[in-house]
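Fair warning: this is a prediction, and the values are worked out from it, not measured in the lab.
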Amino acid sequence: MNRLFDQLNLRPQERRLVMLAMVVLFLVINLWLVFPRFDDWRELRQKLSTAQETYERRAAEVAKLPQYKAKLEQLQSEGQFIPPEDQSTSLMEIISREAALANISLSKIAPGGGGPIPNNPFFEEQRVTLNGVAAEGDLVNFLRNLGNHPALLRVRDMTLKPDASGSKLAVDLTIAGNYPKKAGPRPKPGFRTPTNLPQS
């Protein structure tokens, strides 16, 4: 440093000014470029920790994939599959039987449509509309028995009004039932699942 000052022929006062300017320049560069980056290492470690936790959580779920597949197969095998062409007939038989047990006299029972359920790949829906006359307690028993039925029956629409005699209720109901879809084709041997994909 002294050689540089000697080559520049700087007097002691000028040397002090140059040193002071260099210190100020050093501090400005540090304040501008270095100090703002001090938190980068902490943020990087935090991101790394979050990524590690996410990886471990997802790896644990991937490890459970065989259990999920076994549970899915068990649930699919437990459901009684009824062909789509027989579903509305089966639903009408169930409703007629439950109505007879609850002492509800039906004047009309007819299929009310059905088809796939949005966002549900495992079940499809069938509907039945019916009209009848029932006492209040009998209607409650009928609806409770439908709700407890294994075919997942539920009332989609109901209209009640007094009948001509005024002692019973005239009932208009739309009842829906969920039926499991037939299981799709099984994957062929050699099909790659997420657990046996090549590691990158």
Side-chain angles (χ1 to χ4, degrees), residues 54 57-189 191-195 197:
T54 303
R57 188 171 60 249
R58 291 180 179 173
E61 287 300 315
V62 169
K64 294 178 185 175
L65 192 60
Q67 297 173 15
Y68 293 151
K69 285 183 179 179
K71 185 69 173 173
L72 177 62
E73 289 177 3
Q74 176 190 354
L75 291 173
Q76 286 177 338
S77 65
E78 285 178 359
Q80 179 185 6
F81 177 72
I82 299 174
E85 60 272 10
D86 297 334
Q87 290 172 356
S88 61
T89 306
S90 171
L91 183 57
M92 285 193 297
E93 289 174 2
I94 292 169
I95 292 170
S96 298
R97 185 170 56 250
E98 294 294 340
L101 290 173
N103 297 321
I104 295 177
S105 59
L106 298 179
S107 57
K108 175 187 165 191
I109 182 167
I117 302 172
N119 301 322
N120 190 337
F122 302 110
F123 289 91
E124 52 192 2
E125 182 180 83
Q126 290 296 330
R127 292 186 290 275
V128 168
T129 59
L130 60 94
N131 308 102
V133 177
E136 185 178 331
D138 294 337
L139 179 61
V140 171
N141 290 334
F142 172 68
L143 295 176
R144 184 174 55 238
N145 291 340
L146 287 181
N148 293 332
H149 200 278
L152 304 174
L153 304 180
R154 67 196 180 286
V155 176
R156 287 194 59 135
D157 189 28
M158 178 169 55
T159 305
L160 300 175
K161 58 186 176 183
D163 70 341
S165 68
S167 62
K168 292 189 174 182
L169 296 171
V171 181
D172 295 328
L173 288 173
T174 301
I175 298 172
N178 289 357
Y179 289 90
K181 288 184 180 178
K182 189 173 183 179
R186 299 202 179 275
K188 296 178 182 177
F191 177 76
R192 288 186 168 186
T193 61
T195 55
L197 289 173

**Q** Rounded to the nearest 0.5 Å, what separation is found between the CD1 atom of Ile95 and the CG atom of Leu173?
**A**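 Ile95 atom CD1 to Leu173 atom CG measures 8.5 Å (nearest 0.5 Å).
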**Q** Measure the spacing between CD1 of Ile104 and CD of Glu98 and express it to the nearest 0.5 Å.
**A**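 It comes to 9.5 Å.
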**Q** In Å, rounded to the nearest 0.5 Å, how long is the span from CG of Asn141 to CG of Leu146?
**A**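 Here the rounded value is 11.0 Å.
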**Q** List the steps and the verdict of side chain to side chain contact (heavy atoms under 4.5 Å, CB included) for Leu139 and Leu160.
**A** CA-CA 10 Å; Leu139 179 61; Leu160 300 175; 3.6 Å; yes
**Q** Test Leu153 against Leu91 for side chain to side chain contact (heavy atoms under 4.5 Å, CB included), laying out the working first.
**A** CA-CA 9 Å; Leu153 304 180; Leu91 183 57; 3.2 Å; yes
**Q** To the closest 0.5 Å, what do you measure between CZ (Arg127) and OG1 (Thr174)?
**A**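 Arg127 CZ to Thr174 OG1: 8.0 Å, rounded to 0.5 Å.
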**Q** If only atom types and distance count, is the side chain of Asp163 paired as donor or acceptor with the main-chain N or O of Lys168 below 3.5 Å?
**A**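 Here the side-chain-to-backbone pair exists.
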**Q** Strictly below 4.0 Å, N to O, side chains only: are Arg58 and Glu61 in salt-bridge contact?
**A**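 Salt bridge between Arg58 and Glu61, a charged N being under 4.0 Å from a carboxylate O: no.
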**Q** Measure across Ala63 and Pro66 and return the closest heavy-atom pair with its distance rounded to 0.1 Å.
**A**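 Result for this residue pair: O-CD, 3.4 Å.
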**Q** If you round to the nearest 0.5 Å, how far is CE of Met158 from CD1 of Ile175?
**A**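 Rounded to the nearest 0.5 Å, the CD1-CE separation comes out at 9.5 Å.
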**Q** Measuring only between side-chain heavy atoms, which start at C-beta, is Pro111 closer than 4.5 Å to Met92?
**A**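 Contact flag for Pro111/Met92 side chains = yes.
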**Q** Could you tell me which non-hydrogen atom of Ala99 sits nearest to which non-hydrogen atom of Phe142, and how far apart they are?
**A**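 Closest approach of Ala99 to Phe142, heavy atoms only: N-CE1, 3.5 Å.
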**Q** To the nearest 0.5 Å, tell me how far Ser96 OG sits from Leu101 CG.
**A**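 CG of Leu101 is found 11.0 Å from OG of Ser96.
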